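Working notes for the structure below.
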Amino acid sequence: QVRLVESGGGEVQAGDSLRLSCAVSGRTIRSFATGWLRQAPGKEREFVASIKLSDGETYYANSIKGRFIISRDADKDIIYLDMNNLEPDDTAVYYCADQRHVVTGRGFAIAERHYTSWGQGTRVTVST
């Protein structure tokens, strides 16, 4: 059973930066990718970014492209999300999740149904 634990959330002001971390354990085989998704108050969970575990290829949602960077420490199996120039609309609970298998076409999973294991989430609040 893959276990994911997020950390690094908090309350910041618009324009600030935050780094989220996702520590992964329990992998017995290498998954295709690890992704970050978020759920804002009153909204459905949405894809943010993902990183392929074999070669570090990344994929981003258009809404955060250019502001957020996903990276990994392969030795420690930690996935990071560096969030810059945060906006109030970035307020959400951020989850990291394990994408075990490649999705036909794009490869990266956008829909949450393709993710098989989830962390408990870390809350990010951005005020004006």
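Treat the numbers as computed from the prediction; the structure is a model and nothing was measured.
Separating the CZ atom in R100 from the OG1 atom in T116 is a distance of 5.0 Å, to the nearest 0.5 Å. Distance OG1/T91 to CD/E11: 9.5 Å, rounded to 0.5 Å. For the atom pair CG of L4 and OG1 of T34, the computed distance is 6.5 Å after rounding to the nearest 0.5 Å. Expressed to the nearest 0.5 Å, how far CD1 of I110 lies from OG of S50 amounts to 8.0 Å.
For Q1, the side chain to side chain contact (heavy atoms under 4.5 Å, CB included) partners are S117, not counting sequence neighbours. Evaluation of the side chain to side chain donor-acceptor pair (under 3.5 Å) rule for K76 yields no partner, not counting sequence neighbours. For Q13, there are no side chain to side chain donor-acceptor pair (under 3.5 Å) partners two or more places apart in sequence or in a different chain. The side chain to side chain contact (heavy atoms under 4.5 Å, CB included) test applied to S17 returns N84, not counting sequence neighbours. Evaluation of the side chain to side chain contact (heavy atoms under 4.5 Å, CB included) rule for V93 yields Y95, R123 as partners, not counting sequence neighbours. Scanning for side chain to side chain donor-acceptor pair (under 3.5 Å) contacts around E57 gives K52, with sequence neighbours left out. By the side chain to side chain donor-acceptor pair (under 3.5 Å) test, R3 pairs with no residue at all, sequence neighbours left out.
Counting only distance, with no hydrogens or angles, the side chain of R72 and the backbone of L53 share a donor-acceptor pair below 3.5 Å. Here the side chain of E6 pairs a donor or acceptor atom with the backbone of G121 at under 3.5 angstrom. A side-chain donor-acceptor contact under 3.5 Å links T122 to the backbone of G9. No side-chain donor-acceptor contact under 3.5 Å links Y115 to the backbone of G35. Checked by atom type and distance alone, the side chain of Q99 pairs as donor or acceptor with a backbone atom of H101 at under 3.5 Å. In terms of modelled atom types and a separation under 3.5 Å, the side chain of Q120 and the main chain of V5 share no donor-acceptor contact.
Among pairs with a residue in residues 97-128, none fulfils disulfide (SG to SG under 2.5 Å), at least two apart in sequence or across chains. For residues 65-89, no residue pair satisfies the ring pair (Phe, Tyr, Trp, His ring centres under 6.0 Å) rule, not counting sequence neighbours. Within the structure, the salt bridge (charged side-chain N to carboxylate O under 4.0 Å, His left out) test picks out the following pairs touching residues 17-33 (sequence neighbours left out): R19-D82, R27-D77, R27-D98. Among residues at least two apart or in separate chains, disulfide (SG to SG under 2.5 Å) pairs with a member in residues 85-128 are C22-C96. Judged as a ring pair (Phe, Tyr, Trp, His ring centres under 6.0 Å), the pairs with a partner in residues 17-60 (not counting sequence neighbours) are, in order, F32-F108, F47-Y59, Y59-F108.
Placement of V124 and I78 in two distinct hydrophobic clusters is found when ILVMFWY residues are connected by side-chain heavy-atom separations under 4.5 Å, directly or transitively. Linking ILVMFWY side-chain heavy atoms closer than 4.5 Å, directly or via other members, places L37 and I70 in two distinct hydrophobic clusters.
Put simply, the side chain of I69 does not reach to within 4.5 Å of the side chain of L81, judged on heavy atoms. For the pair R38/L20, no side-chain contact is recorded, criterion being any heavy-atom separation below 4.5 Å from C-beta on. Using a 4.5 Å cut-off on side-chain heavy atoms (C-beta onward), W118 and R45 make contact.
Heavy atoms only, all atoms of each residue included: P88 and T128 are closest at CG-CG2, 3.5 Å.
Looking at D89, L86, L18 one by one, the single match for side chain to side chain contact (heavy atoms under 4.5 Å, CB included) with V126 turns out to be L86.
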